[in-house]
Amino acid sequence: MTLRQTKMFLPTLREVPSEAEIISHQLMARSGMIRQLVSGVYTYMPLGHRVLRKVQQIVREEMDRAGAQEISMPAIQPAELWQETERWDAYGPELMRLKDRHHRDFVLGPTHEEVVTSLVRDNINTYKKLPINLYQIQTKFRDEVRPRFGVIRAREFIMKDAYSFDTTREGLDQSYEDMYNAYKRIFTRVGLNFRPVEADAGAIGGKGTHEFMALSDIGEDTIAYCDSCDYAANLEKAEVVFKAVETNQTEEKSLEKVSTPGVKTIEQLVGFFGKGADSFIKAVAFHVDGQLVIALVRGDHEINDIKLKNMFDANVVTMASDEELIAHGLTSGFIGPINVSDKVQVVADIAVQNMVDVICGANEADYHFANVKPGRDFQIARTGDLRNIQEGDECPRCGGEILFARGIEVGHVFKLGIRYSEKMGAKFLDENGKEKPMIMGCYGIGISRAVAASVEQNHDENGIIWPWTIAPFHIHLIPVNVKNDEQRMLAEELYEKLQNAGFEVLLDDRPERAGVKFKDADLIGIPLRVVVGGKAAEKQVECKVRKTGEAQDLHVDAVLNYLNEKSAELIAECQ
RNA sequence: CGGGACGUAGCGCAGCUCGGUAGCGCGCACCCUUGGGGUGGGUGAGGUCGCAGGUUCAAAUCCUGUCGUUCCGACCA
């Protein structure tokens, strides 16, 4: 490995490539870490590759420590395996498919449940060989609808995926916990500001699941977290604690039909009636596994379609189309729970059931009902938690206050159970000679995504600021003027010395001007910098910390001590 | 999948409205200069104007199609 910049393939850019929108993408491109080949597909150049390897190494160490064993499975997989689990159809167009010369169908693996389950089923058949946890670090393929954010949502990316096989539920719980703890150590060591959050299990099934979120404003997920305990959940999952609103309502008003021409949205209703959004019922029609469902929430709340899906234990939930609305006698913009056909089921969020004197759509263009009382004026088929949690709501664990943050999903742990082992016949004989399906878990880390998330979290206006543990180099050694013999020789001397001391050193031996070198150094973001300049004759050099900007002139003999001290501080930040 | 924008030198862009010799900045090569925050000057190399078709005496420019990139939305282990 050449660690001299004159020899290294490290093309930095002064300007931002036009396709890069977010800061991490811009900086990774400008610093010469990555180049885009086509949409969502990237080359990692030497600098980027070194960072990837650092992250991979940490992941390996922690996975091995947790008792997992590294393997390497094929990226190319036969369609038959995917047909066994029915994911050949279920996975949809996101699955990269191809044919071989004999016209046999294959896929480029987006994940490896099928392959690993087939592997284990063919090679393990007794409880004596279980539990086992197998992992790999490998390129994955997903034909994303819309690749974006550079390598954060790419179509080809590097993932660590692990799969555990246990004989009992309790065993799975243990495997899961081991992985959960390993993930906490991994992301801590990688230097990410992250949070494990409870998540919805989604289509992959299983009960327990946590996502590891790198906190970032550009994150695609919203995290609801508590300000006083460690509760954190994905917005789609976060439970809402129902608090009954006290009412001093004594006399009961009767239902009244009000003309509301053109008033459709909650916002318009608020303006029209001069009442708060919580005086209205928001009604949205969904298509739930073939049935039309009207879901009700309070006007100031948002419907959570995943909770709706879970309420019905449904496979598919989509917004009802205009055609479906008309077919069921509903009018877009004026949907309500009163006078609906028998074919339509009305469900409601808990907060709706004891609302009084509320206003809702009349299922007739330009009319709303006022003074509506749930239970009296309409019946609710099912009641439950159907809304998104909001900032300021009560924490479901401790009663503290819920706040929101955005996060980039860098890891995910799942309890799969027997979903795959049953379909694929991955069974073992237990102590009693009885055949049982293996109980599985799966655990993913987006390696390349974690790198981008780190850049997103660690940069300033001049460039990247790498955490020590995943920095491509530890020390950037910069002779200001390589034509000056004293500077050049002192730099060479230090280069040897620092490398012998165990540091990874990048020597900027380019015949560039100081400004160019400093700009590139800031951009690349190596944690510590040693500048050999005008005082080379007196054996004085400048040492600088990229993150804080603190700099000091030192005699060469004092440099090693100083760097050891600073590196120890930087290492401590990732523990 | 719906809506929008953009494809001109390695990178960033102008030129297109109104058809007629393809330009600028950066980068690159060489010379001089400078030498602690993207020095200054000079010389030079580098482009099927995304692709295909059409209109025209003539197309980067007008028309049609297509491919690519990207943004917003929908979707999303």
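Convention: sequence-line order gives letters A, B, ...; per-chain numbering from 1. Keep in mind that this is a model prediction, so the values were computed, not measured.
Residue pairs meeting the salt bridge (Lys or Arg N to Asp or Glu O under 4.0 Å) criterion with at least one partner in residues 147-165 of chain A, sequence neighbours excluded, are A/Lys140-A/Asp161, A/Asp143-A/Arg155, A/Glu144-A/Arg153, A/Arg148-A/Glu220, A/Arg153-A/Glu220.
Taking atom C1' in both B/rC30 and B/rG19, one finds a spacing of 40 Å when rounded to whole Å. Nucleotides B/rU8 and B/rU55 are separated by 22 Å at their C1' atoms, to the nearest Å. To the nearest whole angstrom, the two P atoms, one in B/rA60 and one in B/rA52, are 12 Å apart. To the nearest whole angstrom, the two P atoms, one in B/rC63 and one in B/rG20, are 15 Å apart. B/rG27 and B/rG68: their C1' atoms are spaced 25 Å apart (whole Å). Distance check on atom C1': B/rA22 versus B/rG46 gives 13 Å, rounded to whole Å. If you take atom C1' in B/rU64 and the same atom in B/rA59, they sit 15 Å apart, rounded to whole Å. Remark: the separation of the P atoms in B/rU70 and B/rC28 is 27 Å, to the nearest Å.
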Each nucleotide N or O in nucleotides 3-9 of chain B that has a protein N or O under 3.5 Å away: list the pair and distance.
none

Listed pairs, N/O of protein and of nucleotides 42-44 of chain B, under 3.5 Å:
none

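Residue A/Val531 is in base contact, counting any heavy-atom pair closer than 4.0 Å across all strands shown. Using a 4.0 Å heavy-atom criterion, one finds that A/Glu542 contacts the bases of the nucleic acid, with or without backbone contacts as well. Within 4.0 Å (heavy atoms only), A/Arg35 reaches no atom of the nucleic acid at all. Across all strands, A/Lys544 comes closer than 4.0 Å to base atoms (heavy-atom distances).
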Exercise for the section: Check step by step if side-chain contact (heavy atoms from CB on, under 4.5 Å) holds for A/Val116 and A/Gln136. Expected result: CA-CA 10 Å; A/Val116 77; A/Gln136 64 173 349; over 6 Å; no
Practice task
Assess whether side-chain contact (heavy atoms from CB on, under 4.5 Å) is satisfied between A/Phe149 and A/Glu21, documenting all intermediate values.
Solution key: CA-CA 7 Å; A/Phe149 303 142; A/Glu21 282 295 317; over 6 Å; no
Practice task
Give the intermediate values and the outcome of ring-ring contact (aromatic ring centres under 6.0 Å, His included) for residues A/Phe212 and A/Tyr180.
Solution key: CA-CA 9 Å; A/Phe212 286 76; A/Tyr180 183 92; 5.5 Å; yes
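With B/rU69, B/rA74, B/rA77 as the candidates, the nucleotide lying closest to the side chain of A/Val145 is B/rA74. The side chain of A/Glu19 lies closest to B/rG12 when the candidates are B/rG12, B/rA77, B/rC75. Across B/rC26, B/rA74, B/rG36, the shortest atom-to-atom separation from the side chain of A/Val480 is found for B/rG36.
Sorted by residue number, the members of residues 507-529 of chain A with any non-hydrogen atom under 4.0 Å from RNA chain B read A/Arg513, A/Ala514, A/Gly515, A/Val516, A/Phe518, A/Lys519, A/Asp520, A/Asp522, A/Arg529. Near-neighbour residues of RNA chain B inside residues 76-85 of chain A, defined by a heavy atom below 4.0 Å, are absent.
Nucleotide B/rA77 holds its C1' atom 18 Å from the CD1 atom of A/Ile408, rounded to whole Å. To the nearest angstrom, P of B/rG37 lies 17 Å from NE2 of A/His476. One atom, CG of A/Asn481, and another, C1' of B/rG37, lie 15 Å apart when rounded to the nearest Å. In this entry the distance linking CE of A/Met440 with P of B/rA77 reads 18 Å, nearest Å. Atom-to-atom, CZ of A/Arg488 to C1' of B/rG35 comes out at 15 Å; the value is rounded to the nearest Å. Distance, A/Leu10 CG to B/rG10 C1': 16 Å, rounded to whole Å. Atom NZ of A/Lys483 is separated from atom P of B/rG36 by 12 Å (rounded to the nearest Å). When rounded to the nearest whole Å, the span between CE of A/Met159 and C1' of B/rA77 equals 8 Å.
Taking the six-membered ring where tryptophan is involved, the planes of A/Tyr183 and A/Tyr443 are perpendicular, since the angle between them exceeds 60° and thus also 30°. Using the six-membered ring where Trp is involved, A/Tyr176 and A/His210 have ring planes that are tilted, between 30° and 60° apart.
Checking B/rU64 for Watson-Crick or G-U wobble geometry (two distances, each under 3.5 Å) identifies B/rA52 as its partner. Nucleotide B/rG46 is matched to nothing when pairs are restricted to Watson-Crick or G-U wobble geometry with both distances under 3.5 angstrom. The nucleotide B/rG35 finds no pairing partner, because no Watson-Crick or G-U wobble arrangement with both distances shorter than 3.5 Å includes it. For B/rC1, the paired nucleotide is B/rG73, the pair qualifying as Watson-Crick or G-U wobble because both relevant distances are below 3.5 Å. When both pairing distances are held under 3.5 Å, B/rC24 makes a Watson-Crick or G-U pair with B/rG12.
Not a single donor-acceptor pair under 3.5 Å links the side chain of A/Arg488 to the backbone N or O of A/Pro479. Within the 3.5 Å criterion, the main-chain N or O of A/Met424 finds a donor-acceptor partner in the side chain of A/Arg121. Here the side chain of A/Glu542 pairs no donor or acceptor atom with the backbone of A/Ala551 at under 3.5 angstrom. Between the A/Lys282 side chain and the A/His301 main chain, a donor and an acceptor come within less than 3.5 Å of each other.
Counted within 6.0 Å of NZ on A/Lys184, heavy atoms from surrounding residues, nucleotides or ligands total 12 or fewer; the atom is thus considered open. Applying the 6.0 Å contact sphere to CD of A/Glu267 captures no more than 12 heavy atoms from other residues, nucleotides or ligands. For CG of A/Asp557, the number of neighbouring non-hydrogen atoms (other residues, nucleotides, ligands) closer than 6.0 Å is greater than 12.
Taking a cutoff of 4.0 Å between a charged side-chain nitrogen and a carboxylate oxygen, A/Asp509 and A/Lys7 do not qualify as a salt bridge. Ion pairing of A/Glu456 with A/Arg449 is absent here, as no side-chain N (NZ or NE/NH1/NH2) approaches a carboxylate O to less than 4.0 Å.
One finds no side-chain N or O of A/Thr111 lying less than 4.0 angstrom from the OP1 or OP2 phosphate oxygen of B/rA77. When the side-chain nitrogen and oxygen atoms of A/Arg146 are compared with OP1 and OP2 of B/rC72, one or more of them lie within a distance under 4.0 Å. Taking 4.0 angstrom as the limit, A/Gln36 places a side-chain polar atom (N or O) nearer than this to OP1 or OP2 of B/rU70.
Between the side chains of A/Asp200 and A/Asn310, at least one donor N or O sits under 3.5 Å from an acceptor N or O.
In terms of polar N and O atoms assigned as donor or acceptor, the side chain of A/Glu15 never comes within less than 3.5 Å of the base of B/rG27 in a complementary pairing.
Of the two residues contacting RNA chain B, namely A/Val16 and A/Val38, the nearest-nucleotide position lying further toward the 5' end is that of A/Val16. Of the residues near RNA chain B, A/Val532 and A/His25, the one whose nearest nucleotide (by heavy atom distance) lies more toward the 5' end is A/Val532.
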In a table with atom names and distances, give each donor-acceptor pair under 3.5 Å that connects a side chain of residues 90-97 of chain A to protein atoms at least two apart or in another chain.
from	atom 1	to	atom 2	distance (Å)
A/Arg97	NH1	A/Trp88	O	2.9
A/Arg97	NH2	A/Trp88	O	3.1
A/Arg97	NH2	A/Gly92	O	2.7

